[in-house]
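Letters A, B, ... are given to chains in the order of the sequence lines, protein chains preceding strands, and every chain is numbered from 1.
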There are 2 protein chains.
Amino acid sequence: MFSVSAKTQYAIRAMSYLATLGGRSATSAEIASAESIPSKYLEGIMSLLKTSGLVDSERGKHGGYRLAADPASITMLSIVEALDGSVKPVTCVDAIGSCAQGQGCQPRKFWIGLKDAIDEYLGERTLKDVTEG
Amino acid sequence: MFSVSAKTQYAIRAMSYLATLGGRSATSAEIASAESIPSKYLEGIMSLLKTSGLVDSERGKHGGYRLAADPASITMLSIVEALDGSVKPVTCVDAIGSCAQGQGCQPRKFWIGLKDAIDEYLGERTLKDVTEG
DNA sequence: TATATTCCTACCATCCCGATAGGAATACTG
DNA sequence: CAGTATTCCTATCGGGATGGTAGGAATATA
Ligand code: FES
Ligand code: FES
């Protein structure tokens with residue numbers, strides 16, 4: 001239960017690898033090789049990270065990816081959300097009525113509390129913590 | 001991300017309904033009707049709850065289900081685990097080496113910390129809290 | 001015997017996910 | 001300009017999980 005998608009695990013390992021380079025840039029292929037990630041699959045992941053503004057990219061020869069910010073200021077929550085979207089134990093977390101149960105049910109507050117607990121854990125740890133810890 | 005299966009949501013609503021009966025027993029059909037759950041699907045869910053010892057059952061005419069314990073002593077974690085298994089952000093939470101990454105990777109502690117945070121939240125709330133709150 | 005229920009097994013449709021393929025756009029190099 | 005290395009885009013595929021249904025066997029009551 002609550003298993004994390006391979007996509008997100010890959011993304012975090014990739015970000016972690018970039019963090020060890022001290023600002024140097026790396027190609028998708030280099031990261032894939034270093035972290036044992038299917039190379040072609042990683043390309044798509046890096047694109048998502050780019051779209052979310054977590055990494056910067058340059059195309060063409062000598063292109064590659066680099067972190068867009070300091071590892072200490074990139075929260076794990078931002079990485080997770082970039083790939084799998086925001087934490088939603090149930091579909092009605094923000095808008096009540098978006099559940100199968102129209103008007104909300106008893107356990108709803110409980111699920112929202114769970115979301116808050118997860119968000120808090122993910123939000124207060126940074127890429128730096130994870131890479132060094 | 002981290003969405004809860006319909007199965008588990010159904011189970012919690014069913015347990016919550018049983019909790020309101022004050023020890024009286026209810027048939028699967030009654031619960032299904034009261035909580036708008038596909039009746040035949042709920043049958044399977046109730047069986048799982050039975051196997052896990054969370055409810056008691058009686059067969060035959062005038063059979064049905066009742067809570068096996070006081071709502072205040074049934075943790076939400078026990079319900080969740082009965083249906084979707086234990087919380088496992090990554091496959092190697094207990095046994096290192098059971099991940100694709102053989103020897104463990106940097107983010108592993110981070111994932112285990114997440115598991116602990118979720119387990120704590122689920123473990124310290126009871127069916128009573130959820131049904132009344 | 002008739003009826004109401006739990007319980008068991010099989011099945012199905014659909015969606016999601018991890019992964020691959022092929023190429024277009026872009027940028028550097030000589 | 002030609003060649004090459006890279007990001008980026010789109011399409012596709014196989015497998016597995018998931019939500020849900022069907023049918024009936026076992027069991028208990030009346
Ligand atoms: S109505 Fe959304 S969780 Fe019950
Ligand atoms: S080795 Fe299990 S999470 Fe990385």
Side-chain angles (χ1 to χ4, degrees), chain A residues 1-14 18 24-33 35-66 68 80 82-85 88-91 99-101, chain B residues 1-14 18 24-33 35-66 68 80 82-85 88-91 99-101:
Chain A
M1 162 130 244
F2 289 132
S3 63
V4 173
S5 68
K7 189 157 46 168
T8 293
Q9 291 184 56
Y10 288 160
I12 289 176
R13 297 228 306 277
L18 285 180
R24 198 196 101 209
S25 86
T27 72
S28 177
E30 176 188 341
I31 304 171
S33 161
E35 291 289 332
S36 310
I37 300 173
S39 147
K40 209 64 172 140
Y41 190 44
L42 181 61
E43 281 186 23
I45 293 174
M46 297 312 293
S47 260
L48 288 177
L49 292 172
K50 167 70 187 300
T51 304
S52 304
L54 292 172
V55 299
D56 289 332
S57 68
E58 279 174 49
R59 315 186 11 155
K61 212 165 182 176
H62 296 78
Y65 296 93
R66 81 184 65 240
V80 164
L83 297 161
D84 287 351
K88 280 198 182 199
V90 290
T91 56
C99 251
Q101 299 294 94
Chain B
M1 164 133 244
F2 290 132
S3 62
V4 172
S5 68
K7 189 159 44 169
T8 293
Q9 291 185 57
Y10 288 160
I12 289 176
R13 296 227 307 276
L18 285 181
R24 199 196 99 209
S25 87
T27 71
S28 178
E30 176 188 341
I31 304 172
S33 161
E35 291 289 331
S36 310
I37 301 172
S39 148
K40 210 65 172 134
Y41 190 44
L42 181 61
E43 281 186 24
I45 293 173
M46 296 313 294
S47 260
L48 287 176
L49 292 172
K50 167 69 186 302
T51 304
S52 305
L54 293 172
V55 300
D56 290 333
S57 68
E58 280 174 48
R59 305 168 43 137
K61 212 164 183 176
H62 295 75
Y65 297 93
R66 80 184 67 238
V80 163
L83 297 161
D84 287 351
K88 280 198 180 196
V90 290
T91 56
C99 251
Q101 299 293 95

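Atom CG of Leu42(A) is separated from atom P of dT6(D) by 14 Å (rounded to the nearest Å). Between Leu83(B) atom CG and dG19(D) atom P the separation is 11 Å, expressed in whole Å. Rounding to whole angstrom units, CG of residue Leu48(A) and P of dT7(D) are separated by 15 Å. One atom, CD1 of Ile45(A), and another, P of dC9(D), lie 15 Å apart when rounded to the nearest Å. Atom OH in Tyr41(B) sits about 14 Å away from atom C1' in dC12(C), given to the nearest Å. Counting to the nearest Å, the P atom of dA11(D) and the CD atom of Glu43(A) are 17 Å from each other. Atom pair His62(A):NE2 and dA27(C):C1' shows a separation of 11 Å (rounding to whole Å applied). The separation between Arg66(A) atom CZ and dT6(D) atom C1' is 14 Å, rounded to whole Å.
Residue whose closest nucleotide on DNA chain C sits further toward the 5' end, between Pro38(A) and Lys61(A): Pro38(A). In terms of position on DNA chain C, the residue among Gly60(A) and Val4(A) whose nearest nucleotide sits closer to the 5' end is Val4(A).
Counting heavy atoms from C-beta on, the side chains of Ser57(B) and Tyr65(B) come closer than 4.5 Å. Tyr41(B) has its side chain within reach of Lys7(B): a pair of non-hydrogen atoms, C-beta onward, lies under 4.5 Å apart.
Nucleic acid contact for Glu58(A): sugar-phosphate only, since backbone atoms but no base atoms lie under 4.0 Å from a heavy atom of the residue. As judged by a 4.0 angstrom heavy-atom cut-off over every strand, Gly44(A) is placed among residues making no nucleic acid contact.
Considering only side-chain N and O atoms, Ser57(A) lies under 4.0 angstrom from the phosphate OP1 or OP2 of dC8(D). Considering only side-chain N and O atoms, Tyr10(B) lies nowhere under 4.0 angstrom from the phosphate OP1 or OP2 of dG19(D). OP1 or OP2 of dC7(C) has at least one side-chain nitrogen or oxygen of Lys50(B) nearer than 4.0 Å. Contact check, Ser28(B) against dT5(C): no side-chain N or O comes under 4.0 Å of OP1 or OP2.
Minimum atom distance to the side chain of Tyr65(B) is reached by dT6(C), of the listed dT6(C), dA21(C), dA19(C).
Residue-to-nucleotide contacts include a donor-acceptor pair under 3.5 Å from the side chain of Arg59(B) to the base of dA26(D). Side-chain atoms of Lys40(A) stay outside donor-acceptor range of the base of dG18(C), with no qualifying N/O pair under 3.5 Å.
No side-chain donor-acceptor contact under 3.5 Å links Ser33(B) to the backbone of Ala29(B). When atom types are taken as modelled, the side chain of Glu43(B) and the backbone of Ser28(B) share no donor-acceptor pair closer than 3.5 angstrom.
Shortest non-hydrogen contact noted between Ala68(B) and Gly53(B) is CB-O, 3.4 Å.
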